[in-house]
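Each remark here refers to the structure printed beneath this line.
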Amino acid sequence: MNHRILFLIAALAGLLGCTPADNRPQSVRSAEALAARLIPEYARRFEFREVPAKGEADTFTLSSENGRIVIAANNAGTMAVGLNYYLNWYCHTTVSQYAAHPVEMPAQLPPVGEAVTVSAKVPWRFYLNYCTFGYAMPWWSWKEWERFIDWMALNGVNMPLATTGEEAVWQRVWRRFGMTDEQICAHFTGPAHLAWHRMCNINSFQGPLPQDWIDAQADLQKQILSRERELSMTPVLPAFGGSVPAVFKEMHPDAQITRVSNWGGFGDPYRCWFLAPSDSLYPAIQKAFIEEQTALFGTGHIYGLDPFNEVDPPSWDPEVLAGMGRDFYASLAAADPDAIWLQMGWFLINDRDHWTPERMEAFLGSVPRGRMILLDYHCDWILGWKLTERFYGHDYIACALLNFGGNTLFNGNFPTLIPFYEETFRDGGKNLRGVGSTLEGFGTNPYYYEFVMSQAWNYPQTPREWVDGLADRHIGRADSTARRLWQELVFDIAPRYTGTGVSANAHPKFGANWNWTVKYPDIKGRTPIMDHAWRQMLEIPSTRYEYRYDLVNLGRQALGDYFDMLKDSLELAWNARDAVRARAIKAEMSQVFDDMDALLACVPEMNLQSWNEAARRWGKTPAEKDYYEKCARTILTIWGNSTNLVDYANRQWAGLVKSYYKPRWMMFCDDIIAGIEDGRLASEKNFDARLRYHEINWTEPARTVINYSAPRDPVALSKEIIEKYGF
């Protein structure tokens, strides 16, 4: 058949409203759509091909043919990894997880040269944490989710946690058991705290949950799951872990329902109730939940079930724990014979006083091998597989945590993480089946998670070479100065611990931390190096967005470190009873807060305005918008209804710095100065009460209107600040 006849057939099909059949594999179409979303001007220069995997391992091959970049792989997700490899190592291009970051490409696509073939070391690549849905993603729309899912695909994630919209499932389940919508919505927390409601930590706080939210999140989850599955991912959906509403206990007084231990300083009205898995109602609820969830969202047969996250089981007797493990799994298998139980491993390392080896083995050993996956939860700090005899034979995934609460400290403990992963791959056993990250929040160090996920692949680059590539991507070219700077930042400057912050974010106090939630480190030896790094980065010209982001990130940390030194100077002024010096330090602290706020406002990812406006968009009326913003403000600051978790989610963000943290320190400075001048200091209890009044008022949008700093050029502003302070 010649070309003229083919053209006539195509034209006739068009006239009849028909389109020729697209016989390309779905994987190819999905990869092409991914490229079109991220690099539309270049998408047609790529050719994707579906080929068999190399043995059982996901594999891609990268080559050039006839002026096109060819990526051959066994599925859409692995094609995405191949695309990312080309963008990273040939184009010096980073695709950020943040939707606000542009994808910046060279004018011409470089050829590949000799073909490159890379295979995965492990079949599973897990990502996310229940907490991430509260600390980072509660207000996301499809725009943010779409970029993030693309980022996960590019970085090889094929097992993402997926809990969005869970309340829509529970509403259907609890209706089956006779509860009204009013009772159900009152059981749920507000949107920002749903992660901890889902983990059996708290109920009802900032509830009732609006019905519009429940419905909209269910619709969003359908979009999320559709795209994740399109890109070869198996989303981990939740299962029933035992948490039941208080009214359910009233309806079933004879059921084996107990009150869980106190969590997070919350009072009795917010405590959870736990239904024993041995009770006959438990498998009935599990079955109803799996049925309703599958009807709404489908299933990949892997279910997150985490019954004892920071709460105590009803008994510590090993036999009882073994029985509960058997019953949990039996309920899942009865609801879905193909079910696999995925269990976070945090409880095994967080409470080692109670979770002794005997109890761990009893609980985990009661589940059949091959039916449970453990997440080795914090491999950048402690190797859980070494505490559990390699999880007693269960498959497991080695995960790095790094970030707690979305804290914004510049960190990334490469010197600890790298040997830990080397040891795990060498000695962790054949049941090591994956690599992942259980980050609580995205923080300000996205490169760290890209490095973690790279450990799942047999890439030819060493860690040092990987960091060189990171430097190249962030400025758009290979540069020896940038490479030396990033080597220093990653291996020498970044602290090797997590859960920290600058003292500017902490409840004001001399000496030790006021609360465990902000553990500011000793940075005296690091501060001059950080200042030098900020200056040095300014000397490396670049127009890349990632470079501008890095400038703000380094400057934010340098100013935070400088504030730590001012705090120490204020204490010396107090000890010397030097009111003149104390007033001068107060003025300088005030200026640091203002400069920090202005610098942070240069990028939307470090701006409270982005967070609050995203929350407000979910409301339809002014009252609803204020409700969502109050929830958004609360979790970042006072967190709950006690001081136990205050500042746990502390972060250096524009708006938050100037309207929340600065007034606290100015109040403290005023007390110090007054104490020097009249010979006495206001009682700490009195100061704490006044500070608490400010903190609670701040969470109410009607009581505290935030004046946001206007965005400026971060290069010019960085130069101005460096000159001002002599960094």
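The closest side-chain donor-acceptor pair between Glu605 and Ser610, if any, does not fall under 3.5 angstrom. A donor and an acceptor atom, one from each side chain of Asn431 and His394, are nowhere located under 3.5 Å apart. A side-chain donor from one of Asn515 and Thr517 sits under 3.5 Å from a side-chain acceptor of the other. One side chain, Gln487 or Asp468, offers a donor N or O that lies under 3.5 Å from an acceptor on the other. Side-chain atoms of Asp564 and Ser503 form a donor-acceptor pair, as typed in the model, at a separation below 3.5 Å. Under 3.5 Å, the side chains of Gln557 and Asp561 contain a donor-acceptor pair of N or O atoms. Defined by atom type and a distance below 3.5 Å, a donor-acceptor pair is missing between the side-chain atoms of Glu310 and Asn201. Using a 3.5 Å distance cut-off with no hydrogens or angles, the side chains of Asn445 and Asn411 do pair a donor with an acceptor.
In this structure, Arg651 satisfies the cation-pi test against Trp611, with its NZ or CZ atom closer than 6.0 Å to the six-membered ring centre and inside 45 degrees of the ring normal. Geometrically, Arg227 does not engage Phe148 in a cation-pi contact defined by less than 6.0 Å to the ring centre and at most 45° from the axis. Judged by the 6.0 Å and 45° rule, Arg369 forms no cation-pi pair with Trp341. Remark: Arg473 qualifies as a cation-pi partner of Trp89 under the 6.0 Å distance and 45° angle criteria applied to the six-membered ring.
Minimum interatomic distance between Phe126 and Cys399 (heavy atoms only, all atoms of both residues): CD2-SG, 4.3 Å. Residue Leu489 comes nearest to Ala533 through the heavy atom pair CD2-CB, 3.8 Å, listed as atom of the first residue, atom of the second, then distance. Closest approach of Ala192 to Ile635, counting heavy atoms only: O-CD1, 3.2 Å. Taking each heavy atom of Pro138 and Pro191 in turn, the nearest pair found is CB-O, 4.4 Å. Looking at every heavy atom in both residues, Leu332 comes nearest to Ala339 through O-CB, 3.8 Å. For Phe274 against Gly241, the heavy-atom pair with the smallest separation is CE1-O, 3.4 Å.
With a 4.5 Å cut-off on side-chain heavy atoms, Thr164 and Phe297 do not count as touching. Inter-residue side-chain proximity for Leu600 and Val657 is flagged as met; some heavy-atom pair is nearer than 4.5 Å. For the pair Leu383/Phe420, a side-chain contact is recorded, criterion being any heavy-atom separation below 4.5 Å from C-beta on. The shortest distance between side-chain heavy atoms of Ser437 and Leu402 does not fall below 4.5 Å. With contacts defined as side-chain heavy-atom distances shorter than 4.5 Å, the pair Phe414/Val467 qualifies.
Taking the side chain to side chain donor-acceptor pair (under 3.5 Å) definition, one finds that Gln455 meets it with nothing, sequence neighbours left out. By the side chain to side chain donor-acceptor pair (under 3.5 Å) test, Tyr85 is found to be paired with Gln461, residues two or more places apart in sequence or in another chain being considered. Legend: residues meeting side-chain contact (heavy atoms from CB on, under 4.5 Å) with Thr93, ordered by chain and number and at least two apart, are Leu87, Cys91, Val103, Met105, Pro106, Arg544. Take Arg352 and apply the side-chain contact (heavy atoms from CB on, under 4.5 Å) test, not counting sequence neighbours, and it matches Trp381, Ile382, Leu387. Every residue two or more places apart in sequence or in another chain that forms a side-chain contact (heavy atoms from CB on, under 4.5 Å) with Pro238 is listed here: Glu166, Phe289, Gln293. Annotation: side chain to side chain donor-acceptor pair (under 3.5 Å) contacts of Arg433 (sequence neighbours excluded): none. Checked against salt bridge (Lys or Arg N to Asp or Glu O under 4.0 Å), Glu695 has the following partners two or more places apart in sequence or in another chain: Arg664, Arg692. With sequence neighbours excluded, no residue forms a side chain to side chain donor-acceptor pair (under 3.5 Å) with Arg390.
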**OP:** Evaluate the criterion side chain to side chain donor-acceptor pair (under 3.5 Å) for residue pair Asp306 and Gln343; output intermediate values, then yes/no.
**Re:** CA-CA 6 Å; Asp306 292 271; Gln343 167 74 61; 2.8 Å; yes
Subject >> ring pair (Phe, Tyr, Trp, His ring centres under 6.0 Å) between Phe240 and Trp170, worked out >> reply: CA-CA 9 Å; Phe240 174 47; Trp170 279 117; 5.5 Å; yes
Subject >> CA sep, side-chain torsions, deciding dist, call: Leu636, Trp653, side chain to side chain contact (heavy atoms under 4.5 Å, CB included) >> reply: CA-CA 10 Å; Leu636 299 182; Trp653 276 1; 3.8 Å; yes
**OP:** Show your reasoning for whether ring pair (Phe, Tyr, Trp, His ring centres under 6.0 Å) applies to Tyr135 and Trp196.
**Re:** CA-CA 11 Å; Tyr135 289 132; Trp196 296 271; 4.8 Å; yes
Original post:
Going through the checks in order, is the side chain to side chain contact (heavy atoms under 4.5 Å, CB included) test met by Leu342 and Met159?
Top reply: CA-CA 11 Å; Leu342 184 135; Met159 190 186 285; 3.8 Å; yes
Subject >> Steps toward ring pair (Phe, Tyr, Trp, His ring centres under 6.0 Å) verdict (Tyr547, His474) >> reply: CA-CA 5 Å; Tyr547 168 78; His474 280 215; 9.6 Å; no
Subject >> Trace of the side chain to side chain contact (heavy atoms under 4.5 Å, CB included) decision for Asn158 with Met152 >> reply: CA-CA 8 Å; Asn158 62 3; Met152 287 198 294; over 6 Å; no
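Among pairs with a residue in residues 440-455, none fulfils salt bridge (Lys or Arg N to Asp or Glu O under 4.0 Å), at least two apart in sequence or across chains. Identified under the salt bridge (Lys or Arg N to Asp or Glu O under 4.0 Å) test for residues 395-407, with sequence neighbours left out: none. Applying the salt bridge (Lys or Arg N to Asp or Glu O under 4.0 Å) test to every pair with at least one member in residues 419-431, sequence neighbours left out, gives these pairs: Lys386-Glu423.
Each of Arg147, Arg548, Glu546 was evaluated against His101; a single residue qualifies, Glu546, per the side-chain hydrogen bond (donor to acceptor under 3.5 Å, both in side chains) test. Checking each of Tyr448, Phe451, Tyr459, Phe491 against Trp466 for a ring-ring contact (aromatic ring centres under 6.0 Å, His included) leaves exactly one that passes, namely Phe451. For the ring-ring contact (aromatic ring centres under 6.0 Å, His included) test with Trp346, the passing option among Tyr130, Phe308, Tyr377 is Tyr377; the others fail.
Taking the six-membered ring for Trp and the full ring otherwise, the centers of Phe188 and His193 sit at least 6.0 Å from each other. Taking the six-membered ring for Trp and the full ring otherwise, the centers of Trp151 and Tyr127 sit less than 6.0 Å from each other. The distance between the ring centers of Trp263 and Tyr270 does not fall below 6.0 angstrom. Separation of the Phe391 and Tyr396 ring centroids falls under the 6.0 Å cut-off.
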Would you give me the side-chain donor-acceptor pairs under 3.5 Å for residues 358-365, sequence neighbours excluded?
from	atom 1	to	atom 2	distance (Å)
Arg359	NE	Trp316	O	2.9
Arg359	NH1	His354	O	2.7

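When atom types are taken as modelled, the side chain of Ser243 and the backbone of Met199 share no donor-acceptor pair closer than 3.5 angstrom.
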